[in-house]
Student: 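Mind having a look at this structure? Questions to follow.
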Amino acid sequence: MAIKQSIEKFGINQAANYVIKDPDKNLIKLMTWVDRFSKGEFRSQREAIRAAIENEDNPYHPFVSKIVNSDPDQVKVLFNNFFMNANLVSWDKQQEVRDKYDCNVPWTILLDPTSACNLHCTGCWAAEYGNKLNLSFDEIDDIVRQGKDLGVYMYIFTGGEPLVRKDDVIRICEKHSDCVFLCFTNGTLIDEKFADEVKRVHNFIPAISLEGDEAATDGRRGRGTYQKVMRAMNLLHERNLMYGLSSCYTSQNFDSISSEEYFDQIIDMGAMFIWLFHYMPVGKDAHVELLPSPEQRTAMFERIRDYRSRKPIFVMDFQNDGEYVGGCIAGGRRYFHINANGDMDPCVFIHYSDSNIREKTLLEGLRSPLFMQYHDNQPFNDNMLRPCPMLENPEYLRKMVAASGAKSTDPEAPETAEELCSKCDEYAEKWAPVSEKLWYGSKGEARFEKKKEWLDEEKEERLKRRAEEAKDEKNDSEEESA
């Protein structure tokens, strides 16, 4: 099997080299190789890519062209590491572990190299952690090593500000040259030297935080931040490197982030993608008034779907796009988070844990009570516009934390699940009726009915197995007592 995969991968790499010589002419030939290698998997994704390649009127035709005409060495490395290793090759391994241990195995792992940050953004919990927590280089290396054993080749640096540790970040990219490393960064530490390092290693992709226009960005992140971000984007664009943006929309910056002018600007500056995050009221310094209103969230839902039909940039709205991923993807279902203290959190926004990498392996953490609570209860709502167990279904997070005995991982100002969820109760109540109209529409048919049926069946099976296991454990315990 390994020899067969090596031969197939060699063929794909040769095809990729062929495409780089004349992307516009030979790209469709590469898709033929991908179709052959995929063994029928990821059909809808492959069909969408093929349509974008073949149809010049497709809004993503210039987007695909922009990708393959980026830095050629980076294109080849990312094609191999992202499309091959992180998706086609790794899926079988991930599924094998899922089936064997009946637990979640993620597609990507988020980790914080450090809790330190050079900014203090309004409403962000990261600054509360201070600059005392760090994962050592060896710990980060071991996380990636264990992750690859599970079939994970995609890693995302979060923080804090990961580029406080920029030398170690580049070393990790070098050591694990078969992986992809995306990094959420405020962008202010990207200079000429670091941009050259990104070009050298090929497998590092920055996702730079931006709040929309200059007033919105500086208002939340500090005076002068916007211009530093613009400089970082220009440095990457000048080197023909792939990068994207990360934007957190709040009640205050909503108009700026969702505007067509903002999207046109970042496309012109070379951004390949934008990840949109809904503000979460996490931490003692959280500002509940920053939560978007139901009307604002509805407008974001509608605008993003409009932009996708017209603009050459990949857009993911993590609170409104549950229909494409089957609801919540945390708890190891598609990702989980390791903070700078080594705690395994189910989500980058949900800071509760019963496992630490200094005490458990990644697999042991994925099989821990808290992660199994996620595994057994996902999806948390049939309405995929209400995916989160904290923001839209706070009763679930309360229950799961209590059932697992998980503790807060905030080292400075721990908050109970009740304290966190109480900040979401009113939001969840107001969003519920609005989201029901969006999801079910005037005909009362779910936008995602077929997938919903499959998810319901899978969830029912999980809960049934867990009940049977609990019954067996009880019987064994009673027999031992007797």
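None of the values given here were measured: they were computed from a predicted structure. When a residue number appears, it is its place in the shown sequence, counting from 1.
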Student: Does any part of the side chain of P113, heavy atoms only, come nearer than 4.5 Å to the side chain of D168, both counted from C-beta?
Tutor: no
Student: Is there a donor in the side chain of D317 and an acceptor in the side chain of N320, or the other way round, less than 3.5 Å apart?
Tutor: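 Side chains of D317 and N320: pair found under 3.5 Å.
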Student: With a 4.5 Å cut-off on side-chain heavy atoms, are W107 and M154 touching?
Tutor: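 Side chain of M154 against side chain of W107, heavy atoms only: contact under 4.5 Å found.
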Student: Would you find a donor on one side and an acceptor on the other, under 3.5 Å apart, between the side chain of S70 and the backbone of I67?
Tutor: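 Here the side-chain-to-backbone pair exists.
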Student: With a 6.0 Å cut-off (strictly less than), is the heavy-atom count around CZ of F83, excluding the residue itself, greater than 12?
Tutor: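 Atom CZ in F83 is not crowded, with 12 or fewer foreign heavy atoms closer than 6.0 Å.
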Student: Heavy atoms, side chains only, cut-off 4.5 Å: are Y307 and I274 in contact?
Tutor: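 Side-chain contact under 4.5 Å: no.
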Student: Looking just at side-chain N and O atoms, do Q95 and D99 make a donor-acceptor pair shorter than 3.5 Å?
Tutor: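 Yes, side-chain donor-acceptor contact under 3.5 Å.
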Student: Going by distance alone, is a donor N or O of one side chain under 3.5 Å from an acceptor N or O of the other, for Y352 and S404?
Tutor: no
Student: Applying the salt bridge (charged side-chain N to carboxylate O under 4.0 Å, His left out) criterion to K175, which one of D141, D138, D142 satisfies it?
Tutor: D141
Student: Could you tell me the separation between the CD atom of E261 and the CD1 atom of I266, rounded to the nearest 0.5 Å?
Tutor: 12.0 Å
Student: Do C103 and L363 make a side-chain contact, defined as non-hydrogen atoms from C-beta onward lying under 4.5 Å apart?
Tutor: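 They are in contact (side-chain heavy atoms under 4.5 Å apart), so the answer is yes.
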Student: Looking at T158, N339, N134, which hits side-chain hydrogen bond (donor to acceptor under 3.5 Å, both in side chains) with D112?
Tutor: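 Result: among T158, N339, N134, T158 is the only option passing the side-chain hydrogen bond (donor to acceptor under 3.5 Å, both in side chains) with D112.
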Student: Any chance the side chains of S258 and R303 put a donor and an acceptor closer than 3.5 Å?
Tutor: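 Yes, R303 and S258 have a side-chain donor paired with an acceptor closer than 3.5 Å.
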Student: Out of K199, R239, K76, which residue meets the salt bridge (charged side-chain N to carboxylate O under 4.0 Å, His left out) rule with D71?
Tutor: K199
Student: Below 4.5 Å, heavy atoms only, C-beta onward: do K360 and R367 meet side chain to side chain?
Tutor: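 A side-chain contact is absent here, since even the closest heavy-atom pair is not under 4.5 Å.
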Student: More than 12 foreign heavy atoms under 6.0 Å from NZ of K407: is that the case here?
Tutor: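 Count not over threshold, so no.
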Student: Any chance CZ of R223 has more than 12 other-residue heavy atoms, nucleotides or ligands included, within less than 6.0 Å?
Tutor: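 At most 12 heavy atoms, drawn from other residues, nucleotides or ligands, come within 6.0 Å of this atom.
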Student: With a 4.5 Å heavy-atom cut-off, do I205 and F82 have their side chains touching?
Tutor: no
Student: Between the side chains of N356 and D343, is a donor N or O closer than 3.5 angstrom to an acceptor N or O?
Tutor: yes
Student: Mind checking whether T114 and E161 have side chains closer than 4.5 Å, heavy atoms only?
Tutor: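 Sidechains of E161 and T114: no contact.
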